[in-house]
Structure formats: C-alpha cells, structure tokens
Amino acid sequence: MQKPAITIIGAGLVGSLLATLLAQRGFPITVLERRPDPRKFGFLGGRSINLALAERGWHGLRVAGMQERMRSIAVMMRGRMVHDLNGRTNLQRYGRDDSEVIWSVSRGALNMALLDAAEAAGATVHFDRGLVSVDWACMDLQFRDSDGTEHSHHAGIVIGADGAGSALRGAMAAQQELGERFEPLGHGYKELEIPALADFPREQLPAELADALARGERYAIEPHALHIWPRGNYMCIALPNAEGSFTVTLFLPNEGEPSLQTVVSAKQAREFFQRDFADTVPLIPELEKDFVGNPTGLLGTLYLDRWHYEGRALLVGDASHAIVPFHGQGMNSGFEDAVELADLLESRPNDCAAVFAEFERRRKPNADAIAAMALENYVEMRDRVDDADYLLMRELDRLLADRHPGRWVPRYWMVTFSRIPYLTAFERGALQSSWLREWIDGVSSIDQLDLPAIDMQIRNKLDFLPTDA
Ligand code: FAD
C-alpha cells in the first residue's frame, strides 16, 4: 500500500531523527528547516554545546542504525563530580558500573549526523525555510527565507518538530484551542567554556595543567564526569566535549541576589565566579568575554492539552513538551516520541487521525511526568547533592536496588538507564522516596536500620517493574 507523503517542520534533533525513521520505513519525507545547512555553514556560530544522551536517546539512535557512529564521538560520564566551595571534589557514581552511565555528545555533531542519515534514507531536506503560516483549507504552507523571499509548499500531513517556539503550533492554535501554558522557571543560563589543554593561551595555563599537557593529556578536569558546582539557589555544571574542552553552564535566578540582573558586566561576572566558583576561574580564560558575549538562555516548561489537529498536523519534541534541562531528558524524550510515532505510523499509515490521537494518549502522560521530574531535579542538583540526609537516602536507595533487583530501582536509574515509561518512574519514584524518607528519619547511618523489616515491606508491597519493551 502506498504510504502518504509527510512534511516535517524543523530539522533539529527530533525532526531529523523522525525524518530518518520514517524515510527508512518507506514514507516520502520532506523536511523544511529555518536555519542554513549546518554541514555547510557551521552550527551555532561554532560554539561547542553538548547534551547528555541516555538510554532512551541511544535507543532512538540504535533503531536508526546510528549508535556506532555516535558512540565513537560520545564521552562517557560515570557520575556527578561535585565541587564544593573550597574546591574539594567528590565523584557520585550514577550507576553500578560502566554500563550505567550517561554520555556527553556534541549537539552540532549529532544534528549533522542525523541530517546525513535522513538524507541517506531518502528524505529531502530544504534549509533556510522558516514556516510563517498555514492555509489549512488547501494545506499550503508559507515559508520565508533569510532574504525575505516567500516560498510555498503543499503538504498532506505536517509534523511540527520546530522546537519550543513552534510556528506550526501557532498555526494550529489559530484553528483549535490547544490549551497551551508556558511556565517560566524564573532562572536562566549562560554558557562558558573550559578549553582543551592544547587550546589554552600559554601564559594562562596553570603549572599543573602545563604538566598534564606535557604528559599528553587533553582535559583540564576529569573528563568522565558531569561536573556540578551546587550553590543552593544556583549552580554551574560542565560537560566534556570529545576534543578536550568542556561546556560550562551557569544556571542563575532571573531576579534577586545573585541573579542575572545583578551579575551583568564582565567585572561582576569575574567577582561572582571568584567568590562562588573559585576553582573554575583559572580554567575559563575567556570568562568575561563568554559571559558578556554569549546570549542568556530562558528556561521553562511548556504544557499543551492537545498535540494534534484533525489527522493533518501533529507536534513532537520540544514543540509539544519543552522542559527544563535538569534531568538531561528533553532530547531523550523527543527521541522516544520519534520512535513511537514511526512505529504507530508504520502500523496504520493511512489513518493519521487515529495514529495522532493514540500517540498523544501514549506520550502525553509520560511527557508530563518527565516535566515534573526535571523540575524536581533542579532542586536536587543545586541544593541537595552535598547534603547528609540526601547522601544517606541515596546510599540506602542503592543498597535496596542490590537487595531487590527489578523490584526496587532508584528513580534516576529508571529515567536514565531504562525505557520504563516516565510515568511509572515518576509514580514508583514518589512511593520509594516517601518510604526512604520514613526509614531514614532520625537515623544517621545504614547500620541503624532494621533491614529485614524493610525487605519484607518491599517484597510484600512492591511488584516487579516492567522490563524494557
Ligand atoms: P530543537 O532542537 O529546538 O529543534 C527545532 C528545529 O526547528 C531547529 O532546527 C530550528 O531551527 C527549527 N525551526 C524553528 N522554527 C522553525 C520554523 N518556523 N520553520 C522551520 N524550522 C524551524 N536534552 C537532553 O536530552 N539532554 C541534555 O543534556 C539536554 N541539555 C540541555 C541544556 C540546555 C541548556 C537546554 C536549553 C536544553 C537541553 N536539552 C537537553 C533539551 C534539548 O535541547 C531539547 O529537548 C531538544 O533540542 C529538542 O529537540 P527538537 O528537535 O524538538 O527542538
């Protein structure tokens, strides 16, 4: 049976993976992307921006046949390296061993690899085409290029993978109430860079790093970790890049003290870093330039009651459920969308209305769950990772995971190392966390706990979790 032609708006991470998966399944695919082709014109002005890729994201890449290509340029992160105010560090492993880790990948390299894959699978990608409006009566889409010239494209079915500010969402909302709600976090972010040792200005290279460079090392700090400088209401994180640099992200409230209103100038940025992140200062030689020159990013959560319109249009990825980045799951959940949608469309290629409704029914509760967990994780990362109660809860959580495999699984593991539905992780995680809090109440070490009683409660009250599909 002939498969319907599908138009995808946006060739970002989710749009290009979806284009690949659908083209591989024989759908005629056209993708229209607002930006120029990053393979010819570079990505984001050449800045190194990276993302944490976890099991759900790897699964999408595996289904598309891209795992090996990306694994070769991904950097393993075994845990959180927590930096305290005095510059002391402590590695908190994410999982039990190197099979339970997350990976840092370059956003640009991943996007370009996915574009190659989409085209290799037969998709046609047009760049420099920003969607402006949709004439729903005749399904004509209007685009504008960077010269201001208008182009039109006729579509049978259109899928919006055009990110948090989706133009397709705007066009759908003009036809039908989508129940859109954006909740700003009240915090924003700035990206800075720790260069690869070889790229440090020689006169600014601290002596111990000069020695490391002489020994052939490439990284200024431990490469196989996600670094966190938790400071209560704000924090810095740093993820490694394959070539030896780190992308540092400062998350700071929009208002108050300190905030993006009080740390503005180059001088204020240096003073703030010297006070709160002193060990990073010698590592960021262009601190002032990065801070003042790089844009300030906004953060928030997007909720929609409805993701589709009449079997003709559907939203995926950030276009329907943008979340805050503190669980590192925005792209990962968007990749799950892409796999689920490709499977549904393949099973019923000529009933898009049913497929879109089913997609929303399956994905939306999970999108809501990861949105909530991502918000909770911000508080955990910036405020709790060095707190004694938190560390005790974490120790018990992991001990119980060893004693009850498949039945007691720490929430972070469910979200990150498995494809257990986010909603299950959220609900089971809330229950486990309430029990953990109860058990450690008034206790200062694991030895003081009645472990046989705890084991009994778990065996009697918790079912085994679903294994991955
Ligand atoms: P986008 O990546 O935004 O892509 C949308 C595409 O559509 C772009 O190419 C854009 O140019 C194009 N477009 C936009 N408008 C139009 C238009 N009108 N016409 C045509 N094309 C258009 N997620 C993780 O999984 N792990 C992480 O570690 C992680 N870290 C993050 C850190 C930060 C600071 C932020 C802000 C986000 C992070 N995320 C992370 C989330 C992740 O970046 C997003 O979830 C992901 O990029 C969503 O992909 P997308 O394709 O849906 O949208």
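When a ligand or atom number is given, it counts from 1 through the structure's own listing order. Numbers here simply count residues along the sequence, with the first being 1.
At the shortest separation from atom 17 (C) of ligand 1 among protein heavy atoms lies Leu131 N, 3.5 Å. Annotation: atom 3 (O) of ligand 1 to nearest protein heavy atom, Gly163 CA, 3.7 Å. With hydrogens left out, the protein atom closest to atom 36 (C) of ligand 1 is Tyr189 OH, 3.5 Å, a heavy atom. From the protein, the heavy atom lying nearest to atom 16 (C) of ligand 1 is Asp162 CB, 3.7 Å. At the top of the distance list for atom 40 (C) of ligand 1, counting protein heavy atoms only, stands Leu51 CD2, 3.4 Å.
Under the 3.5 Å distance criterion, with hydrogens and angles disregarded, no donor-acceptor pair is assigned to the side chains of Trp229 and Asp84. There is a side-chain donor-acceptor pair under 3.5 Å between Tyr234 and Asp276. No side-chain N or O of His153 forms a donor-acceptor pair with one of Thr30 less than 3.5 Å apart. If you check the side chains of Ser259 and Asn254, you find no donor sitting under 3.5 Å from an acceptor. Using modelled atom types and a 3.5 Å distance limit, the side chains of Asp128 and Ser146 yield a donor-acceptor pair. Between Ser245 and Glu243, the side chains place a donor N or O and an acceptor N or O closer than 3.5 Å (distance only, hydrogens not considered).
Ligand 1 has a nitrogen or oxygen under 3.5 angstrom from a nitrogen or oxygen of Gly328. Looking at Ala319 next to ligand 1, no N or O pair under 3.5 Å apart turns up. Looking at Val14 next to ligand 1, an N or O pair under 3.5 Å apart turns up. In terms of N/O distances under 3.5 Å, ligand 1 is not approached by Ala164. Inclusion of Asp318 in the set of residues having an N or O under 3.5 Å from an N or O of ligand 1 is warranted. Annotation: Arg35 places an N or O atom under 3.5 Å from an N or O atom of ligand 1; distance criterion only.
With a 6.0 Å cutoff to the six-membered ring centre and a 45° limit on the axis angle, Arg56 does not count as a cation-pi contact of Phe417. The cationic atom of Arg181 (NZ for Lys, CZ for Arg) lies less than 6.0 Å from the six-membered ring centre of Tyr303 and within 45° of the ring axis. Judged by the 6.0 Å and 45° rule, Arg363 forms no cation-pi pair with Trp307. The side-chain tip of Arg428 does not point at the ring of Phe426 from less than 6.0 angstrom away and within 45° of straight on. Cation-pi check for Arg419 over Trp58 is not met; the charged atom does not lie both under 6.0 angstrom from the ring centroid and within 45 degrees of its normal.
Residues Arg394 and Glu380 are not paired through a salt bridge, judged by the lack of any N-O separation under 4.0 Å between the basic side chain and the carboxylate.
Of all the atoms in ligand 1, the ones that sit under 4.0 Å from a non-hydrogen atom of Gly317 are 52 (O). Remark: ligand 1 atoms within the under-4.0 Å shell around heavy atoms of Ala52 are 24 (C), 25 (O), 26 (N), 27 (C), 28 (O). Ligand-side atoms of ligand 1 in range of Pro325: 31 (C), 32 (C), 33 (C), 35 (C), 37 (C), 38 (C), range being under 4.0 angstrom from any heavy atom. Atoms of ligand 1 found under 4.0 Å from any heavy atom of Leu32, numbered from 1 in the order shown, are 20 (C), 21 (N). Close contacts between ligand 1 and Gly330 involve ligand atoms 23 (N), 24 (C), 25 (O), 41 (C), 45 (O) [criterion: under 4.0 Å to a heavy atom]. Which parts of ligand 1 touch Arg129 is read off a 4.0 Å heavy-atom cut-off, strictly below it: atoms 19 (N), 20 (C). Per-residue contacts place Ala167 under 4.0 angstrom from the following atoms of ligand 1 (heavy atoms of the residue considered): 18 (N). Below 4.0 Å from some heavy atom of Gly12 lie the following atoms of ligand 1, by number and element: 4 (O), 6 (C), 9 (O), 51 (O).
Neither the backbone nor the side chain of Leu53 comes within 4.0 Å of ligand 1, counting heavy atoms alone. The proximity of Leu13 to ligand 1, defined as any non-hydrogen pair under 4.0 Å, involves the side chain as well as the backbone. Contacts between Phe143 and ligand 1 below 4.0 angstrom, taking non-hydrogen atoms only, are absent altogether.
Of the candidates Arg144, Met331, Arg107, the one placing a heavy atom closest to atom 47 (O) of ligand 1 is Arg107. By heavy-atom distance, the residue among Ser16, Gly130, Ala161 lying nearest atom 5 (C) of ligand 1 is Ala161. When Arg34, Glu33, Arg56 are checked for heavy-atom proximity to atom 11 (O) of ligand 1, Glu33 turns out nearest.
A pairwise comparison of heavy atoms in Leu315 and Ser166 identifies CD2-OG, 3.8 Å as the closest pair.
Within 6.0 Å of CG on Leu91 lie more than 12 heavy atoms contributed by other residues, nucleotides or ligands. Heavy-atom neighbours of Glu68 CD from other residues, nucleotides or ligands within 6.0 Å: at or below the threshold of 12.
Remark: distances from the non-hydrogen atoms of Asn332 to ligand 1 include one below 4.0 Å.
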